[in-house]
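Below: the structure, in structure tokens.
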Amino acid sequence: MSSTPRPRTTTREPAELTRRLSAWLSTRLPGARAVAATVPASNGMSSETLLFDIDHPRPPVRSCALRLAADPAAYTVFPTYDMARQYRTTRLVAEYTDVPVPRTLWLEEDPAPLGAPFFVMERVQGRVPPDVMPYTYEGSWLHAATDAERAALEADTVSVLARIHDQVPAERAAFLGLPGRGSALRRHVAAQRAYYAWVVAEHEPSPLIERGFAWLAEHWPPTADAAADTDDTVLTWGDARIGNIVYDGFTPAAVLDWELAALGPRELDLGWLVYLHRFFQDLTVSSGQRGLPDLLRRDRVEERYARLTGHIPRAMDFHTLYAALRHAVVMLRVAYRRIHFGEVPAPADPDALIMHRAALEAMIDGRYW
Ligand SMILES: Nc1ncnc2c1ncn2[C@@H]1O[C@H](COP(=O)(O)OP(=O)(O)O)[C@@H](O)[C@H]1O
Ligand SMILES: [Mg+2]
């Protein structure tokens, strides 16, 4: 990861995008122009984000962030991009919780103005722990912080999850329910299997990912299905990780990236929070640095979450493995995209494309934790 450039994500031209954005903006706010457009330096491989300012005497906000569905002509990470769903989720969280989310300004579902649907929100000042170079490496602001500062960031981040889960009424999030039958977890896993089938439709299947799905079926949490209709099905953020939070100092100022939000058990977010840190941590250790081994430790996250919510996390072996498996499917798709764009050759073994292959194998074999 350190020696490779950022994966190619777009076939669009920023200057052209800005010109078209200005034309669109003047239809929503007469006389307004989009200026100073930039692409954020790090984070995100799926939708596209454009940061810009509004040039107008009385704009609703001056600094904006625009989230644009992936270019359907490119080799997208996900099969569909539902911007209305993300926009609605952001507003739901703003309405019912004290979790900070960016103020949403406009949703444009017509693909004509910019080539794909998009929405515009307030741009929140602060800093995001980067994915490239990962925040676990020496040189990142989070690595340079003190233990106490990182502990504060961790505590507030777990609290963000607790508040999303506890404060949004699940019935208001019904539009995030997944199709199919059975509990929310059954549907969630079924959707991931369908996503995996789409990723490998024109490729060799991945033996490791298939072993992972088989492991989930064999180790299905006994209470997961019974819990389907209780308080244990909540709005889950989805891409619940510190790389999707803008921090003001070490305090969350905006929770971003609601693309993977879904109804499901709370442990979906807890498993993802813990494992996605481990993904960067393991990568850092394998390249010879110490990383941040004390950040987001599974036992501490579980304990703090239980204290905040009264819900003791269950089946966390299952949910951390499920997080690593979901991440493997995304990684495989991202790797196939790089192969598609000719950036890397295709290996004989598809599992060689999964960067955290060893971790996932160790989890399946029960020797990771
Ligand atoms: N509302 C916002 N305010 C400030 N920065 C933002 C905002 N939305 C996005 N960004 C910047 O864009 C990056 C990518 O945004 P994100 O929502 O995580 O999309 P994705 O990861 O799907 O590309 C963030 O890490 C952040 O730097
Ligand atoms: Mg993101």
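Start at 1 and go down the list; that is how both ligands and their atoms are numbered. Since the model is a prediction, treat every value here as computed from it, not as a measurement.
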Give me each pair satisfying salt bridge (Lys or Arg N to Asp or Glu O under 4.0 Å) with a member in residues 169-179, each pair once, sequence neighbours excluded. Glu95-Arg172
Can you name the N, O or S atom of Asp257 that is closest to the Mg ion (ligand 2)? OD2
Residue-level breakdown please: for [X] versus ligand 1, do any non-hydrogen atoms fall below 4.0 Å on the side chain, on the backbone, on both, or on neither?
X	value
Arg67	side chain
Arg123	both
Val128	side chain
Gln125	neither

Lys/Arg cation over aromatic [Y]: [X], 6.0 Å, 45° cone:
X	Y	answer
Arg333	Tyr75	yes
Arg150	Phe250	no
Arg326	Tyr322	yes
Arg19	Trp24	no
Arg241	Trp272	no

Which ligand 1 atoms, with their elements, are less than 4.0 angstrom from a heavy-atom of [X]?
X	result
Met121	1 (N), 8 (N)
Glu259	22 (O)
Ala65	1 (N), 2 (C), 7 (C), 8 (N)
Pro102	1 (N)

Check each of Leu256, Val120, Asp131 against atom 10 (N) of ligand 1 and report the one with the nearest heavy atom.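 Among Leu256, Val120, Asp131, the closest heavy atom to atom 10 (N) of ligand 1 belongs to Leu256.
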Ligand 1 contact by Glu122, heavy-atom criterion under 4.0 angstrom: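 In this structure, Glu122 qualifies as a contact of ligand 1 - some heavy atom is under 4.0 Å.
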Polar-atom distance check: Val124 versus ligand 1, any N or O pair below 3.5 Å?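 Yes, there is a polar N/O contact under 3.5 Å.
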Does Asp131 put an N, O or S atom under 2.8 Å from the Mg ion (ligand 2)?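 So Asp131 does not bind the Mg ion (ligand 2) by this criterion.
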Less than 6.0 angstrom separating the ring centers of Tyr135 and His143, yes or no? no
According to the interplanar angle, ranging from 0 to 90°, do the rings of Tyr195 and Phe78 count as parallel (below 30°), tilted (30 to 60°) or perpendicular (above 60°)? tilted
What orientation do His327 and Phe279 show, parallel under 30°, tilted 30 to 60°, or perpendicular over 60°? perpendicular
